[in-house]
Amino acid sequence: MQQKLDRETVLSILRKSVCEVVFIKKNGEFRKMKCTLNSDLLPDYDKEKAVNREVNESVVAVWDLEKEAWRSFRLSSLQALVEVNRGNG
């Protein structure tokens, strides 16, 4: 990735699209993940199971489409963000 993207730009892209993100894990390994924040592709929200957490501005939580689970990455570790499939929103 040639330029660093700010949090709002990353969130905006993820809300509209399925993306492939590449980031460096804490242990130094590269990780490639197909993910989104497109509401049409997210699991149903269950208020009973919801956990309120303080927002960490340096971390982005996403829905991993291959693992079907919530995952997160640090913005500072983001190496690439590529739109794979743009939604209708």
Side-chain angles (χ1 to χ4, degrees):
M1 189 162 71
Q2 296 192 2
Q3 66 180 23
K4 293 289 181 186
L5 298 174
D6 64 72
R7 180 180 172 79
E8 287 309 312
T9 302
V10 170
L11 292 173
S12 177
I13 294 168
L14 286 163
R15 287 181 186 125
K16 291 184 253 176
S17 308
V18 170
C19 295
E20 182 175 274
V21 298
V22 178
F23 61 96
I24 302 171
K25 293 171 47 172
K26 282 185 179 181
N27 67 6
E29 292 178 21
F30 279 81
R31 170 107 169 9
K32 191 185 296 187
M33 176 170 54
K34 187 175 175 184
C35 58
T36 191
L37 289 175
N38 182 321
S39 60
D40 293 337
L41 301 173
L42 299 179
D44 290 335
Y45 178 71
D46 186 347
K47 286 184 180 181
E48 300 296 317
K49 293 181 181 177
V51 175
N52 284 332
R53 293 188 176 146
E54 190 173 319
V55 174
N56 182 339
E57 294 294 326
S58 65
V59 175
V60 176
V62 295
W63 182 251
D64 184 326
L65 293 162
E66 293 167 342
K67 297 198 183 262
E68 296 186 346
W70 289 100
R71 297 288 188 253
S72 61
F73 59 89
R74 293 191 172 280
L75 283 171
S76 61
S77 72
L78 184 62
Q79 301 298 299
L81 183 141
V82 178
E83 288 182 81
V84 174
N85 182 8
R86 191 175 179 112
N88 296 331

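Model, not experiment: these values are computed from the prediction. Throughout, numbering of the chain's residues begins at 1 and tracks the sequence.
- In this view, Glu68 satisfies the side-chain hydrogen bond (donor to acceptor under 3.5 Å, both in side chains) rule with no residue, not counting sequence neighbours.
- Across Ala61 and Leu37, no two heavy atoms sit closer than the pair O-CD2, 3.4 Å.
- Counting only heavy atoms from C-beta outward, the side chains of Arg71 and Val21 never approach each other to under 4.5 Å.
- Across all non-hydrogen atoms, the minimal contact from Phe73 to Val62 is CE2-CG1, 4.0 Å.
- In the hydrophobic clustering of ILVMFWY residues, with side-chain heavy atoms under 4.5 Å counting as a link, Trp63 and Val84 come out together.
- Looking at every heavy atom in both residues, Lys16 comes nearest to Asn38 through O-ND2, 3.8 Å.
- Take Ser39 and apply the side chain to side chain contact (heavy atoms under 4.5 Å, CB included) test, not counting sequence neighbours, and it matches no residue.
- No chain of hydrophobic side-chain contacts below 4.5 Å, direct or via other Ile, Leu, Val, Met, Phe, Trp or Tyr residues, connects Leu65 to Val82.
- In this structure, the separation between CG on Leu42 and CZ on Arg15 is 10.5 Å, given to the nearest 0.5 Å.
- For Arg31, the side-chain hydrogen bond (donor to acceptor under 3.5 Å, both in side chains) partners at least two apart in sequence or on another chain are Asp64.
- For Ser72, there are no side-chain hydrogen bond (donor to acceptor under 3.5 Å, both in side chains) partners at least two apart in sequence or on another chain.
- Rounding to the nearest 0.5 angstrom, the gap separating the CG atom in Asn85 from the CD atom in Glu20 is 13.0 Å.
- To the nearest 0.5 Å, the span separating NZ on Lys67 from NZ on Lys34 amounts to 14.5 Å.
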Distance-only criterion, 3.5 Å: show the donor-acceptor pairs between side-chain atoms of residues 22-29 and protein atoms not counting sequence neighbours.
unit_1, atom_1, unit_2, atom_2, d
Asn27, OD1, Glu29, N, 2.9
Asn27, ND2, Glu29, OE2, 3.2

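- If you chain together hydrophobic residues whose side chains sit under 4.5 Å apart, Met33 and Trp70 fall into the same group.
- The side chain to side chain contact (heavy atoms under 4.5 Å, CB included) search around Glu83 returns Ile13, Ser17, Cys19, Arg86, not counting sequence neighbours.
- Clustering ILVMFWY residues whenever any of their side-chain heavy atoms sit less than 4.5 angstrom apart, transitively, puts Leu5 in a cluster other than the one holding Phe30.
- Remark: Leu75 CG to Leu11 CG distance equals 7.5 Å, nearest 0.5 Å.
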